[in-house]
Amino acid sequence: MSVPVHERIIHLLEAEGINTLFGIPDPGFIHMAMVAEKRGWQVVAPHHEQNGGFMADAVARMTGKPGVCFGTQGPGISNLATAMIVAKKECSPTIFFGGNRSRTAKQRARVGRIQYMDQLEHFRPLVKYAAIVEEPDQVDEIVREAIRQVATGKPGPAYIELPLSVIHETYNWPSLMAPEKYRMVEQAASGTMIEKAVQLIKQAKNPVLLVGQGMFTSRSHQAVGELASQLDCPILQTSGCAMTIKGHEHRTFAYGFSPAGRAAASNSDLCIAIGTELGEPVHMGIGRHWEAGDAQRKWIYIERDAQAIGVNRPIDAPLVGDMRDIIPQLLRALDGFKREASAEFKQWQIEQSQWKEKLLAEVPSGSIPVHPARLIVEATKSIPSNAIYAADGGSTTIFGWTYSQYKPEDLVWNQNTGHLGTGLPYAIGAAIATEGKRPVVFVTGDSSFLFSIQELETAVRKKLPIVTIVACDYAWGLEVGCWKKQVGPESPETEAHWGNWVRFDKIAEGFGAHGEFIEDEKDIAPAVERAIASGKPTVIQVPVDAYANAMDAPNYEEFKSWYTDFKAGYGADAEDAY
């Protein structure tokens with residue numbers, strides 16, 4: 001079959017079940033976008049390439065398949081650099097295509113060439129794999145290698161450069177291959193290690209599952225739920241996986257951010273870590289809530305990257321491979337074995353329920369501006385069960401961890417990078433991935449919302465059911481707290497505040513969305529319900545108590561304990577980290 005390079009790339013991606021493309025149309029990629037749209041793809045142009053990268057990232061998380069985006073030579077691909085960094089840190093399989101000048105440009109001695117730089121050398125450190133297609137006959141092997149790299153071991157991004165001199169060339173291509181013909185599509189664990197894991201499970205009295213974002217991005221909710229049922233044990237949410245498997249709400253506790261989660265970790269004699277780095281947010285699996293009983297506790301680690309095994313703590317039974325294969329493999333090996341819930345687990349469930357009731361009863365009420373904890377409660381108590389939850393911001397996200405009344409099955413945000421401004425692009429990507437059939441509720445702070453506010457027009461243009469709730473303290477809230485805690489209550493808070501005259505509801509209307517400005521807490525939930533029912537992009541602006549937003553963030557000591565190498569006075573005391 002003889003077609004241009006840009007069309008062949010679409011065919012190769014289709015063979016992997018990929019059908020979305022993000023990027024701002026430009027001379028290098030307009031033909032690729034046109035072919036994709038004609039073939040039924042969802043083609044989305046953001047207003048900033050960086051946001052297109054975040055949208056592709058969210059599609060990868062929601063589908064379990066690589067997200068794809070492009071940027072033109074020079075400024076376009078430069079704008080994608082941040083999205084590459086986030087994708088690598090967040091272990092998100094995203095493929096970035098970059099345009100560039102003719103392949104001969106690199107060999108020129110000339111200076112002053114417009115929109116030209118050695119892009120490959122700039123972006124190689126940011127991705128797992130980087131390559132230039134210099135001849136049409138390289139297309140298949142390079143695209144397939146990119147897919148192989150992002151889908152093997154620790155997931156991450158790839159960068160493919162397509163010079164203008166190549167992208168429109170025609171070539172007589174060989175037949176397409178199914179994915180299993182050129183890469184590993186299944187990866188079960190070692191049989192010996194499975195046997196060892198089974199023995200550890202059968203010997204354990206109080207096992208726990210420590211579940212990370214890998215469950216979400218591999219779409220392994222059901223398999224993890226089946227394992228939790230068979231072991232009748234707690235599921236500990238990492239902060240990167242603050243979501244709940246339907247039917248397992250009663251056994252799900254937040255690691256570190258709930259008393260039951262802390263107790264379950266401390267009293268466990270076996271931890272099965274699934275799809276998570278054993279990094280600082282879980283205290284390396286050694287310190288803080290793991291310190292008690294560490295010498296006796298056994299660890300099973302289900303992890304795609306063999307090089308991650310034993311780095312931060314010793315592992316008793318490493319199960320290296322894809323959890324989509326390993327968990328069914330483990331369930332088969334456990335066939336006939338059924339654990340009864342321990343008395344301790346039953347008590348933790350009671351404590352969790354009592355803690356939640358007490359927490360809700362103590363949420364401040366009646367103030368104007370609204371207390372941020374009350375905002376979270378009111379904004380999340382009526383969200384339908386099929387909604388996708390998106391989060392962004394500093395203090396707003398911390399309040400959300402503790403006070404959200406909604407237990408999402410799908411949550412899009414970035415924990416490891418902490419990059420502000422991803423929330424709206426993530427929400428758009430998630431809505432695109434589900435073809436607008438599920439509402440997306442996006443809760444954000446005002447400062448973070450301003451990073452990507454222009455994408456409201458994208459949500460309107462694509463008719464996406466995204467409801468955005470903006471907590472407004474008109475400041476860099478978490479940073480105001482740092483000023484007050486480190487310098488003192490009378491600190492100058494230099495440039496930590498900005499205009500309280502900004503009206504996001506009016507800005508939303510200017511983009512074609514619906515906007516509401518709400519000051520009374522009693523009006524928040526009805527506004528969210530109306531917005532969800534409308535199915536239209538909506539922005540709900542709620543002023544919040546600025547002092548409380550800066551100073552009353554719940555579980556701040558727990559959050560501070562993540563930063564294990566800060567010196568005293570810089571947010572976390574080293575001696576308090578563990």
Side-chain angles (χ1 to χ4, degrees), residues 4-7 9-10 13 18 20-37 41-60 66-88 92 94-106 112-127 129-134 139 142-143 146 150 157-168 419 421-422 424-426 428-429 432 451-455 457-458 461-462:
V5 166
H6 60 259
E7 186 167 349
I9 290 172
I10 294 298
L13 296 174
I18 297 167
T20 58
L21 182 64
F22 299 91
I24 296 175
D26 74 275
F29 289 98
I30 56 175
H31 293 85
M32 180 185 286
M34 180 174 61
V35 168
E37 187 172 57
W41 286 41
Q42 296 193 79
V43 181
V44 182
H47 288 281
H48 193 301
E49 286 94 351
Q50 172 180 291
N51 294 330
F54 292 147
M55 293 172 194
D57 182 335
V59 165
V68 181
C69 64
F70 62 80
T72 189
Q73 62 193 34
I77 190 64
S78 297
N79 284 338
L80 281 170
T82 299
M84 292 181 192
I85 293 169
V86 172
K88 189 172 185 181
S92 186
T94 313
I95 299 174
F96 297 87
F97 287 98
N100 209 342
R101 299 274 292 275
S102 164
R103 60 182 177 269
T104 62
K106 185 175 181 180
R113 287 169 289 170
I114 189 169
Q115 287 192 337
Y116 176 79
M117 61 180 175
D118 189 345
Q119 293 172 179
L120 193 71
E121 292 310 308
H122 278 80
F123 304 131
R124 195 188 297 277
L126 310 182
V127 296
Y129 172 74
I132 300 175
V133 176
E134 295 183 323
V139 169
I142 287 177
V143 172
V150 303
Y159 170 64
I160 299 175
E161 189 157 300
L162 298 170
L164 283 168
S165 55
V166 174
I167 193 169
H168 299 301
H419 191 89
T422 59
L424 184 54
Y426 278 0
I428 290 170
I432 291 288
F451 273 77
S452 303
I453 194 170
Q454 69 272 32
E455 302 304 342
E457 189 281 330
T458 308
R461 173 168 28 101
K462 293 297 179 179

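Along the sequence shown, residues are numbered consecutively beginning with 1.
- Side-chain atoms of Tyr129 and Ile142, non-hydrogen and from C-beta on, do get closer than 4.5 Å to each other.
- Residues Ile10 and Ala36 come closest through the heavy atom pair CD1-CB, 3.8 Å.
- Distance check, rounded to the nearest 0.5 Å: CG of Asn79 to OG1 of Thr72 gives 10.5 Å.
- For His168, the ring-ring contact (aromatic ring centres under 6.0 Å, His included) criterion is met by His6, His31, not counting sequence neighbours.
- Remark: Glu457 pairs with Arg461 by the salt bridge (Lys or Arg N to Asp or Glu O under 4.0 Å) rule, at least two apart or across chains.
- Nearest heavy-atom pair, Val133 versus Val166, reported as atom, atom and distance to 0.1 Å: O-CG2, 3.6 Å.
- Counting all heavy atoms, side chain and backbone alike, Ala83 lies closest to Phe54 at CA-CE2, 3.7 Å.
- Checked by atom type and distance alone, the side chain of Glu49 never pairs as donor or acceptor with a backbone atom of Phe70 at under 3.5 Å.
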Audit row: Asn51, Gln454, side chain to side chain contact (heavy atoms under 4.5 Å, CB included) steps and yes/no: CA-CA 10 Å; Asn51 294 330; Gln454 69 272 32; 3.5 Å; yes
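- Put simply, the side chain of Lys462 reaches to within 4.5 Å of the side chain of Val44, judged on heavy atoms.
- Applying the side-chain hydrogen bond (donor to acceptor under 3.5 Å, both in side chains) criterion to Gln50, with sequence neighbours excluded, gives Thr82.
- Between Thr94 and Gly53, the shortest heavy-atom contact is CG2-O, 4.4 Å.
- Smallest separation of non-hydrogen atoms from Ile77 and Gly98: CD1-CA, 3.8 Å.
- To the nearest 0.5 Å, the span separating CD1 on Ile132 from OH on Tyr159 amounts to 7.0 Å.
- You'll find the side chain of Pro66 reaches within 4.5 Å of the side chain of Ile18, heavy atoms only.
- You'll find the side chain of Pro46 reaches within 4.5 Å of the side chain of Glu455, heavy atoms only.
- Counted within 6.0 Å of NE2 on His47, heavy atoms from surrounding residues, nucleotides or ligands total more than 12; the atom is thus considered enclosed.
- To the nearest 0.5 Å, atom CZ of residue Phe29 and atom CD of residue Gln73 are 9.5 Å apart.
- Residue His48 holds its NE2 atom at 8.0 Å from CD1 of Ile24, rounded to the nearest 0.5 Å.
- One distance of note links CZ of Phe22 with CG of Asp57; it measures 10.5 Å at 0.5 Å rounding.
- Looking at Ile9 and Leu162, their side chains come closer than 4.5 Å, going by heavy atoms from C-beta outward.
- Considering all non-hydrogen atoms of both residues, Ile160 and Val143 come closest at CD1-CA, 4.0 Å.
- Here the CG atom belonging to Asp26 is positioned 10.5 Å from the CE atom belonging to Met32, to the nearest 0.5 angstrom.
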